[in-house]
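Here's the structure we're looking at; comments come further down.
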Number of protein chains: 2
Amino acid sequence: MPKLASQQCIDPKQHQPTENQLLKALCAEVQERLFPHLELVEMPLGKVLHESGEVLRYVYFPTDCIVSLLYVMENGASAEISVVGHDGMIGIALLMGGESTTSRALVQSAGYAYRLPGQRIKSEFNRHGELLHLMLRYSQALITQMAQTAVCNRHHSIDQQLCRWLLLSLDRLKDNHLVMTQELIANMLGVRREGVTEAAGRLHKQGVIDYSRGHIIVTDRAKLERLSCECYGVVKSETDRLLPLSRHRTESVA
Amino acid sequence: MPKLASQQCIDPKQHQPTENQLLKALCAEVQERLFPHLELVEMPLGKVLHESGEVLRYVYFPTDCIVSLLYVMENGASAEISVVGHDGMIGIALLMGGESTTSRALVQSAGYAYRLPGQRIKSEFNRHGELLHLMLRYSQALITQMAQTAVCNRHHSIDQQLCRWLLLSLDRLKDNHLVMTQELIANMLGVRREGVTEAAGRLHKQGVIDYSRGHIIVTDRAKLERLSCECYGVVKSETDRLLPLSRHRTESVA
DNA sequence: TACTATATGTGCGTTATCGCACAGAGCGTA
DNA sequence: TACGCTCTGTGCGATAACGCACATATAGTA
């Protein structure tokens, strides 16, 4: 196993709200209303943004961190439902009107996020303009991800699921370097740690990843995509369809 | 195995839009705008309301039928993502703005539904009033169901999943009688037909269900709930929380 | 009443994953 | 440099679910 550098260099000064794709997609007018209320917050690994059933006070827009939505069972076992990175937002339940969800939001990869008091975004949401439609589309992308998680859990091997999971994480990071123990991945996938070890070993043998003690580097992304099940592709293309990057002018639904 | 009556008596005349809980929850004003455009349609077993990626022309509000949203894999295997009955609606993607989804909508239990041209509900939705907020809450309930499906697929036995599935279906039917082959259930759960046969046999031995050739009668619902995993309860209580007006018919009839 | 298609029951070897136990390996700190 | 904690590797029996083959039962129809 190769040696990997262990330090991360994150400079808060270089963060911009527009690093988050949802915030970026908003028109200047809405941005002007919202951005002054954004607060850049650190998102350390393991931080819990909300527990199951807890009402959120803030919504979070990740820039370079990754947050998992996961369900924790009565016996403590867990399963990841979906992943949110710079592509999305934590807290759609506030907008949906439910105020809370049955899942826990957990920082899975450290970094930063902008947060906004729940009331701020709710009042913007209730103006029924661009933000509403953007959020609805994002919700649908999230729904697709959840649906595909269900499918993948049912039908695909740990190896395939690991590939999917790595790809989803990779898409939300700046480089090909994940800070992530196998134990954590196992919790996300809802499988044994040993199962992840074996799958990772096979991926390494095939020259797709290098890893060591909580660090994973993807060395052959193309091959990773080939080894993954169809689930990754389904989620990716549907997300791209619903939320084309850059600027999509959200026309009214009707 | 006991003998069961095989005929169903459905009388279209007795159907009312308000049998659907979402339609029922709307205020008189909105009902007056929408109801004249509703069309009662028959929903035979196996009917496909939309394929993956297909744009819907109508949204459907089931009265006494059950519709499964399921994902069909490239190899043809399938997995149910969520269930919709008199508690919900098929076609939220139209409102979300995505226009289509990656799943197929399939009638899993025959009956009737009211349908509405997509444009009609979209324009009501865009009035940004009551319907919008109701639909958002319903979407969150649906999301909860999907999330729990993912969890259940990962962690629970076929026996437990069958219990959950029977309970979810039961809540959307008028009585304790399901018209449903084991083969169909297997497709929904994404497992082998033989696996369902064995699980059903065990439930019968425990006095929970009777069944024969495509008919299942739940004889001990309380026990079924005890045998089910926590997933059913999570979905049920969250749905009740989000949509308190939606009262399950089993309660009002029994 | 007999036939046929469909639904359900059962056996059996195979596989993936699990649960557990413990051995090594790498990094941080004393 | 040595210790200790965390992370990763490996072995092994147990188990749940699979794929396949085929037997049996039932409803509907000829």
Side-chain angles (χ1 to χ4, degrees), chain A residues 1-8 45-46 73 75-79 152-163 165-166 178-205 209-217 227 229, chain B residues 1-8 45-46 73 75-79 108 152-163 165-166 177-205 209-217 227 229:
Chain A
M1 299 301 132
K3 271 212 170 182
L4 305 176
S6 67
Q7 70 268 30
Q8 309 177 260
L45 178 65
M73 299 200 307
N75 68 9
S78 59
C152 205
N153 282 352
R154 161 64 53 223
H155 290 288
H156 298 136
S157 68
I158 293 184
D159 289 53
Q160 289 174 306
Q161 291 183 55
L162 177 59
C163 292
W165 194 88
L166 288 173
L178 292 91
V179 180
M180 192 68 54
T181 67
Q182 297 182 357
E183 175 95 42
L184 181 54
I185 297 178
N187 286 337
M188 294 301 148
L189 296 183
V191 301
R192 284 184 320 156
R193 193 269 313 162
E194 295 92 322
V196 174
T197 296
E198 288 169 7
R202 284 187 285 267
L203 283 182
H204 176 69
K205 202 171 288 176
I209 61 173
D210 285 345
Y211 61 98
S212 165
R213 285 185 72 78
H215 295 260
I216 304 176
I217 290 183
L227 291 172
C229 49
Chain B
M1 300 301 132
K3 272 210 169 187
L4 305 176
S6 67
Q7 70 268 31
Q8 308 178 261
L45 177 65
M73 300 201 305
N75 68 9
S78 59
Q108 181 217 98
C152 205
N153 282 352
R154 161 63 54 223
H155 290 287
H156 299 136
S157 67
I158 293 185
D159 289 54
Q160 290 175 305
Q161 291 183 56
L162 177 59
C163 292
W165 193 89
L166 287 173
H177 180 182
L178 293 90
V179 179
M180 192 70 51
T181 67
Q182 298 182 357
E183 175 95 43
L184 181 54
I185 296 177
N187 286 337
M188 294 301 148
L189 296 183
V191 300
R192 285 184 319 157
R193 193 270 312 163
E194 296 92 321
V196 174
T197 298
E198 287 169 7
R202 283 187 285 267
L203 283 182
H204 176 68
K205 201 171 288 177
I209 61 173
D210 285 345
Y211 61 99
S212 165
R213 284 186 74 77
H215 294 261
I216 303 177
I217 289 183
L227 291 173
C229 48

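What you are looking at is a predicted structure, and each value in this text was computed from that prediction instead of being measured. In what follows, every chain begins at residue 1, and chains take the letters A, B, ... in the order their sequences are listed. For the numbers below, each heavy atom of this structure counts, side chains included, while hydrogens, waters and symmetry mates do not.
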Between the protein and nucleotides 20-24 of chain D, which nitrogen or oxygen pairs come in under 3.5 angstrom?
residue	atom	partner	partner atom	Å
dC20(D)	N4	E194(B)	OE2	2.7

Given that G190(A) and E198(B) both sit by DNA chain C, which one's nearest nucleotide is further toward the 5' end?
E198(B)
Quick one, [X] and [Y] - any side-chain contact, counting heavy atoms below 4.5 Å?
X: H215(A); Y: V179(A); value: yes
X: I209(B); Y: L166(B); value: yes
X: H204(A); Y: D210(A); value: yes

Nearest 0.5 Å please: distance from the [atom1] atom of [X] over to the [atom2] atom of [Y].
X: I216(B); Y: I185(B); atom1: CD1; atom2: CD1; value: 3.5 Å
X: H156(B); Y: L189(B); atom1: NE2; atom2: CG; value: 13.5 Å
X: C229(A); Y: L162(A); atom1: SG; atom2: CG; value: 10.5 Å

Using atom [atom1] of [X] as one end and atom [atom2] of [N] as the other, report the distance to the nearest whole Å.
X: L184(A); N: dT6(D); atom1: CG; atom2: P; answer: 15 Å
X: L189(B); N: dC18(D); atom1: CG; atom2: C1'; answer: 15 Å
X: H204(B); N: dT8(C); atom1: NE2; atom2: C1'; answer: 13 Å
X: H215(B); N: dG28(D); atom1: NE2; atom2: C1'; answer: 12 Å
X: R202(A); N: dA16(C); atom1: CZ; atom2: C1'; answer: 10 Å
X: D210(B); N: dA7(C); atom1: CG; atom2: P; answer: 19 Å
X: R213(B); N: dA7(C); atom1: CZ; atom2: P; answer: 6 Å
X: N153(A); N: dA16(D); atom1: CG; atom2: P; answer: 19 Å

Please set out all donor-acceptor pairs under 3.5 angstrom arising from side-chain atoms of residues 193-203 of chain B, sequence neighbours excluded.
residue	atom	partner	partner atom	Å
R193(B)	NH1	T197(B)	OG1	2.9
T197(B)	OG1	Q182(B)	OE1	2.6
T197(B)	OG1	R193(B)	O	3.3
R202(B)	NE	D159(B)	OD2	2.7
R202(B)	NH2	D159(B)	OD1	2.9

Is there a side chain to side chain contact (heavy atoms under 4.5 Å, CB included) between Q161(B) and R154(A)? Walk through the geometry before answering.
CA-CA 12 Å; Q161(B) 291 183 56; R154(A) 161 64 53 223; 2.5 Å; yes
Of the nucleotides dT8(C), dA27(D), dT10(C), which has the atom closest to the T181(B) side chain?
dT8(C)
Base, sugar-phosphate, or nothing: which does G195(B) touch, judged by heavy atoms less than 4.0 Å apart?
nothing
Of all pairs that satisfy salt bridge (Lys or Arg N to Asp or Glu O under 4.0 Å), the ones with a partner from residues 179-191 of chain A, not counting sequence neighbours:
none
Less than 4.0 angstrom between a side-chain N/O of Y211(B) and OP1 or OP2 of dA25(D), yes or no?
no
Distance below 4.0 Å between Q182(B) side-chain N/O and dG9(C) OP1 or OP2:
yes
Specify the residues of residues 155-162 of chain A, ordered by number, for which at least one heavy atom lies under 4.0 angstrom from an atom of DNA chain C.
S157(A), I158(A)
